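Have a look at the structure below, then the notes.
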Amino acid sequence: MIRVQQDAFDAGVEQRTLLEGRRDIGAVVSFTGLVRDFNERPEVQALTLEHYPGMTEAALGTIVEQAEARWPLQGVTVIHRIGRLTPADPIVLVVVASAHRRAAFEACDFIMDYLKTRAPFWKKEHTTSGDYWVSERDGDHHDARRWEMFS
Amino acid sequence: MPLTHPSLTHLNARGEAHMVDVADKPESRREASASGLIRMQPATLALLAEGGLPKGDVLATARIAGIQAAKRTHELIPLCHALALSKVAIDFTLDERESCVHVTATCRLTGRTGVEMEALTAVSVACLTLYDMCKAVDKRMEIDAIHLDTKTGGKSGDYRRGEPRGAQAMVPPVIESVASPIVTGDGGPGEVSVGQRGDVATPSIHVKCLAELRERLGVGEVSVPVERLPSSDVAGLKTALKALDPRFAGLDEGRVLCAVNQVMAGEATPLTDNDEVAFFPPVTGG
């Protein structure tokens, strides 16, 4: 299940929904990303998330399909928020269910690495010293490339 | 024939057929388009257009047949690899003047081998299915002119059949620029507002600039007449944009990514009328 929304989400509710009525799931891994109050500059007061409607959903769908092709997964939920967010707000949720923990851990990690480098979202941070668009990070690309070595 | 013609990769050193090992080839985005046509009696074409043929919805059936065929090409063509296609699109154009149906197929994937055989197979089987669906009323139909139109991506480089368009004179007017930059937060927060689009009657490419790039260039959305493109691809669009408005020189500053119809694309990605092309900075979500 993939959602792009302004509203907040409840990781607990989403995880319970994914597991409801299932007896074949042996492991569930959930990752929640939060807005920090420091990034390229200190004192981030808020950020605005822009996306590319249509392509965003398709890109997330492709990433989930790739994860499902690599690991035996029994369920995946990806929720990404857009619009204006403030520090401590949840921004992204990935929940992955599998029969075994290794697949769930790795697939969750993979989905986040690919989401950060392939899904069309852009952050603009609002700080006490002005607004700026967040730059891409080499570290994110390095993280995403880890998965290519094993393909 | 060129003096040094390329070798036939499906033949080994002894001239025996073999499947090419593609394990060490890098993955890249590949796309191929092929087309063909089936000629028929004007009355058959009219029946097809009206949906009056005994086997029902002819074009929908032929479209599914073409898509299925593209996916099963490796079962039909001996030395073809099985590919995980990311897109197969089949289009039909009814041509009353020539009394035929034009069939085009576009296949796409990110992988290690080209998809021209898939596109050609899709066109062939879509044509055969049109024959099957219409043969009760017309047995003289003729399948003709099946050929590859374009192929992009991969080591052997891009291929485009025939002349590039854009050479014609009498080009309709200029790029329409949005008066003021669209700022994040207009419309739904986090969404890009829909700006003006060009005259729908003029074949055009719809261009969007997103996020930081939109603010830096001061342009949200523009439409560019296809005739303005020196070549029918993303590189040609960029040339046309820069010629029409100097602000687009900013497309060459820093890392700027591109998507065509919402799929990541490159300079050589082919463009046609009504395509949506987005330019944007590297993504920073998560």
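As the structure is a computational prediction, the values presented were derived from the model and not from experiment. Lettering of chains follows the sequences in order, A, B, ..., and the numbering in each one begins at 1. All values below were derived from every heavy atom in this structure, side-chain atoms included, with hydrogens, water molecules and symmetry-related copies excluded.
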Is there a donor-acceptor contact under 3.5 Å linking the side chains of A:Thr117 and A:Asp140?
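The criterion, which ignores hydrogens and geometry beyond distance, is not satisfied for A:Asp140 and A:Thr117.
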
Please determine if A:Glu50 and A:Lys123 form a salt bridge, counting it only when a charged side-chain N lies under 4.0 Å from a carboxylate O.
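So A:Glu50 does not pair with A:Lys123 through a salt bridge.
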
Does a salt bridge link B:Glu31 with B:Lys87, judged by any charged N lying under 4.0 Å from a carboxylate O?
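Salt bridge between B:Glu31 and B:Lys87, a charged N being under 4.0 Å from a carboxylate O: no.
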
Heavy-atom pairs under 4.5 Å with chain A: which of B:Ala259, B:Gly254, B:Ser86, B:Pro282 has the most?
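Maximum pair count with chain A is reached by B:Pro282.
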
Most contacts with chain A, counted as non-hydrogen pairs under 4.5 angstrom, among B:Gln262, B:Met264, B:Glu212, B:Arg255
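Ranked by contacts with chain A, first place is B:Gln262.
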
Hey, does the Lys NZ or Arg CZ of A:Arg118 hover above the aromatic six-ring of A:Tyr114, less than 6.0 Å from the centre and inside 45° of the axis?
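The answer is yes, since A:Arg118 meets both limits relative to A:Tyr114.
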
Heavy-atom distance under 4.5 Å to chain B: side chain of A:Ser135, backbone, both or neither?
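For A:Ser135, backbone heavy atoms alone lie under 4.5 Å from chain B.
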
